Amino acid sequence: MKRTKIAELLRTEPIGTEVLVKGWVKAFRNNQFIALNDGSTPHNLQVVVDFEQFDAATLERIKFGAAIGAGGTVVESQGKGQKIEVKASAITIYGDCNPEEFPLQPKKQTLEFLREHAHLRFRTNTFAAVFRIRHALAYAIHKFFNDRGFYYMHTPIITASDAEGAGEMFRVTTLPLENAPRTEIGEIDFSQDFFARPTNLTVSGQLEAELGAMALGEVYTFGPTFRAENSNTTRHLAEFWMIEPEVAFADLGDNMNLAEDMLQYVIRYALEHCADDLKILEDRLIEEEKSKPQDQRSEMSLTEKLRFVVDNQFERLTYTEAIEILKNSNPNKKGKFQFPVEGWGTDLQSEHERYLVEKHFKKPVILTNYPAAIKAFYMRQDEPAEGVPGPTVSAMDILFPGIGEIVGGSQREERYDRLVQRMRDMHIPEKDLYWYLDTRRFGSCPHAGFGLGFERLVQFITGMTNIRDVIAFPRYPGNAEF
RNA sequence: GCCUCAUUAGCUCAGUCGGUUAGAGCGGCGGACUGUUAAUCCGUAGGUCCAAGGUUCAAGUCCUUGAUGAGGCGCCA
């Protein structure tokens, strides 16, 4: 008999038909009721067993975590917790699960404990929900861009360009660590390495995406990205997934519209397609907040928070305007900021971003036109503006509550001379990036793009506070388990 | 990298002022139970108190160092 997925059974409720279901035992109550889950839905199917029909040896093996198959008739449930159930006529044990050795228990377990057993944590309701939502979001992102005529572009994971300045990189080499070949002046001789030059894992596909956009018009990347920074926070990973659209003939305003549309689209998609999983995570958060003091509890539930982002326009303001707000803010006047806001030109600290997003505007914020001195070389230089003390670039950062920066982007500097001058000022070797500069020599055009940290998006939508809990096997300093 | 806090049973945690035999709930195991829903009821086992040094008549408790974890900061997405 063909196997039926539990999600389909619960949706179609085919009372009276014979079915075969397969999954893992979540509970076996009263020596009679099996709660079975196969991953297709957060809901369990109740399988009812009449002990007189089965030998004791089989029933003995129906333990929490065991993989079983059950054949039987779909009937209306007499119990209150579910509409239908399967009255079992046959049970197959596929895989036993010894409760004395199985690390998971049918009870609440901490995220920290589960993180140490990441190979098994998919089997908890929480992580199954997180990873189903993660999938849905990845799909929604592809759908969003595809429906708008964007091309999905695969940029290289191994790169030789180390001039982007996006962060510390992981070296990729086949040279022996001991006795690496040396040049005459004693440096490691990378001409003998696999690629005949130093190579690293990519920190961004943006520069390559720009090349694609100069012919395909609208492209995006969605792939793994690596940073060898020694970052120990709830928002950083050494290996994460990034989405980087790049659009020809677009300016900063178009870029902001695209980012805001995309974020609202995927959040709306999750609300519409992942309601059951979001409910599980929302209930989890409510439960967790009960142990917190009143003033630390969030004002909105998870789905309320998501609806709020979908229903409200993001607040847009310039860096210069943000500095004015922060300077005149209560916490700044009262000396509550660890880093007082004094003048124009320095980067905002996370406490300042949090104040703007969570206290002042109480919604997502897009900050634009940052001082040129604190931003990357490829960002387009603005014309001097009245009331702005120094040179700025057409950058934009989107700040989300609880997450901070979720998107960073800019209109790119398309003018060859201005770009070359900026690279010289910032000591970025032109010869390493001749291919990038070529786009500005041959048919250059205004264009813009941004980078979205996928895990930070998943964090926001699932409400998980630690980024290590929204990627299956997190990589961070001191940890590459599994 | 910096700062703060933590580490006691399989898990989550108590453990008073340094005092004699380290506790609970859940989970496990054994039993009962054919309409349960975090099932329930009865019984039961389970400990290198993170590690190494030190102070003391006496250390789970105090001190030093280290390991690991969590949170915050920096770097950013």
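Remember, predicted model here, so these are calculated numbers, not experimental data. Below, chains carry the letters A, B, ... as their sequence lines are ordered, and counting in each starts from 1.
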Report the residues that fulfil ring pair (Phe, Tyr, Trp, His ring centres under 6.0 Å) with A:Tyr265, sequence neighbours left out, ordered by chain and then residue number.
A:Phe144
A:Glu405 CD to B:C75 P: how many Å, rounded?
11 Å
Can a side chain N or O of A:Arg29 be found less than 4.0 Å away from OP1 or OP2 on B:U36?
no
Listed partners of A:Thr92 passing side-chain contact (heavy atoms from CB on, under 4.5 Å), at least two apart
A:Tyr94
Looking only at N and O atoms, is any donor in the side chain of A:Gln82 or the base of B:U37 less than 3.5 Å from an acceptor on the other one?
yes
How would you label the contact of A:Thr110 with the nucleic acid (heavy atoms, under 4.0 Å): base, sugar-phosphate, or nothing?
sugar-phosphate
Given B:G71, is OP1 or OP2 found less than 4.0 Å from the side-chain N or O atoms of A:Thr234?
no
Euclidean distance, A:Leu114 CG relative to A:Leu104 CG, rounded to 0.5 Å:
6.5 Å
Taking the C1' atom in each of B:G18 and B:G72, what is the distance between them to the nearest angstrom?
33 Å
Would you say A:Asn30 places a side-chain N or O within less than 4.0 Å of OP1 or OP2 belonging to B:G35?
no
I want to confirm an ordering. Mapping A:Leu452 and A:Phe102 to their closest nucleotides on RNA chain B, which one lands closer to the 5' end?
A:Phe102
With a 3.5 Å cut-off and heavy atoms only, can you find an N or O donor on one side and an acceptor on the other between the side chain of A:Ser231 and the base of B:G1?
no
Between A:Phe28 and A:Val48, name the one whose nearest nucleotide on RNA chain B is closer to the 5' end.
A:Val48
Assign the ring pair A:His117 / A:His119 to parallel, tilted or perpendicular, where the plane angle (0 to 90°) is split at 30° and 60°.
parallel
I'd like to check, for A:Phe454, whether its ring lies over the base of B:A77 with centroids under 5.5 Å apart and a plane angle smaller than 30°.
no
Look at the side-chain N and O atoms of A:Arg235 and state whether any lies under 4.0 Å from the OP1 or OP2 oxygen of B:C73.
yes
Gap between atoms NE2 and P, on A:His236 and B:C75 respectively (whole Å):
9 Å
Protein-to-nucleotide contact annotation, 5' to 3' order, nucleotides 41-51 of chain B [B base; S sugar-phosphate only; - none; under 4.0 Å, heavy atom]
-----------
Rounding to a whole Å, what distance do you find between A:Tyr476:OH and B:G71:P?
10 Å
Check side-chain contact (heavy atoms from CB on, under 4.5 Å) between A:Glu210 and all other residues, then give those that pass, not counting sequence neighbours.
A:Gln206, A:Leu207, A:Glu246, A:Arg412, A:Tyr436, A:Arg440, A:His447
If you look only at pairs with a residue in residues 336-358 of chain A, which of them pass as a side chain to side chain donor-acceptor pair (under 3.5 Å), with sequence neighbours excluded?
A:Thr320-A:Trp344
Should the pair A:Glu260-A:Arg316 be classified as a salt bridge under the 4.0 Å nitrogen-to-oxygen rule?
yes
Under the ring pair (Phe, Tyr, Trp, His ring centres under 6.0 Å) rule, collect the residues that match up with A:Phe145, sequence neighbours excluded.
A:Phe150, A:Tyr220
To the nearest 0.5 Å, atom CD1 of A:Ile6 lies from atom CG of A:Asp38 at 3.5 Å
Name every residue in residues 456-474 of chain A that has at least one heavy atom under 4.0 Å from any atom of RNA chain B, in order of residue number, or write none if there are no such residues.
A:Arg456, A:Asn466, A:Arg468
Assign A:Gln32 to base, sugar-phosphate, or nothing according to its heavy-atom contacts below 4.0 angstrom with the strands shown.
base
Would you classify A:Phe113 as touching base, sugar-phosphate or nothing, given that sugar-phosphate means primed atoms plus P, OP1 and OP2, and contacts are heavy atoms under 4.0 Å?
sugar-phosphate
Considering only side-chain heavy atoms of A:Ser350, which listed nucleotide, B:C73, B:A77, B:G1, is closest?
B:C73
Can a donor-acceptor pair be found between the side chains of A:Asn332 and A:Ser329 at a distance below 3.5 Å?
no
Would you mind classifying the nucleic acid contact of A:Glu52 as base, sugar-phosphate or nothing, using non-hydrogen atoms under 4.0 angstrom?
base
What nitrogen or oxygen pairs link the protein and nucleotides 2-7 of chain B at under 3.5 Å?
none

When you compare the side chains of A:Asp382 and A:Ser394, does any donor N or O come within less than 3.5 Å of an acceptor on the partner?
yes
Does a distance-only test, which skips hydrogens and angles, find a donor-acceptor pair under 3.5 Å between the side chain of A:Glu85 and the base of B:G35?
yes
Does a salt bridge link A:Arg148 with A:Asp261, judged by any charged N lying under 4.0 Å from a carboxylate O?
yes
What integer distance in Å separates A:Leu348:CG from B:C73:P?
14 Å
Quick one: which of B:G69, B:C73, B:G35 gets closest to the side chain of A:Glu112?
B:G69
Rounded distance (Å) that lies between atom C1' of B:U12 and atom CD of A:Glu287:
14 Å
Between A:Leu317 and A:Ile325, is the side chain to side chain contact (heavy atoms under 4.5 Å, CB included) condition met? List the steps.
CA-CA 10 Å; A:Leu317 69 160; A:Ile325 289 171; 3.7 Å; yes
Between atom CD in A:Glu229 and atom P in B:C73, what is the gap in whole Å?
17 Å
Separation of B:C11 P from A:Arg123 CZ (nearest whole Å)
18 Å
Euclidean distance, A:Glu315 CD relative to A:Ile366 CD1, rounded to 0.5 Å:
9.5 Å
Expressed as a whole number of Å, how far does the P atom of B:U40 sit from that of B:U65?
48 Å
Quick tally for nucleotides 23-30 of chain B: nucleotides whose base has a protein heavy atom under 4.0 Å get B, sugar-phosphate-only ones S, the rest -, giving --BBSSS-
In whole angstrom, what separates A:Glu116's CD from B:A67's C1'?
13 Å
Which dot-bracket string describes RNA chain B (Watson-Crick N1-N3 plus N6-O4 or O6-N4, or G-U N1-O2 and O6-N3, all under 3.5 Å; [ ] crossing; | other strand)?
(((((((..((((.....[...)))).(((((.......))))).....(((((..]....))))))))))))....
Check this for me: does any side-chain nitrogen of one of A:Asp469 and A:Arg115 sit under 4.0 Å from a carboxylate oxygen of the other?
yes
Separation between the C1' atoms of B:G19 and B:U61, rounded to whole Å:
11 Å
side-chain N/O A:Gln349 vs B:G74 OP1/OP2, d < 4.0 Å
yes
Residue list, side chain to side chain donor-acceptor pair (under 3.5 Å) with A:Glu455, at least two apart or on another chain
A:Arg134
Under 4.0 angstrom, heavy atoms only, what part of the nucleic acid is A:Gly79 near: base, sugar-phosphate, or nothing?
base
For residues 5-19 of chain A, pull every pair meeting salt bridge (charged side-chain N to carboxylate O under 4.0 Å, His left out), keeping only residues two or more places apart or in separate chains.
A:Glu13-A:Lys83
By the 4.0 Å heavy-atom rule, please label A:Gln78 as base, sugar-phosphate, or nothing.
base
What is the nucleic acid contact for A:Thr233, judged by heavy atoms within less than 4.0 Å: base, sugar-phosphate only, or nothing?
base
Determine the Euclidean distance between corresponding C1' atoms of B:A9 and B:C41; express it in Å to zero decimal places.
24 Å
Only one of A:Phe400, A:Phe308, A:Phe361 clears ring-ring contact (aromatic ring centres under 6.0 Å, His included) with A:Phe314; which?
A:Phe400
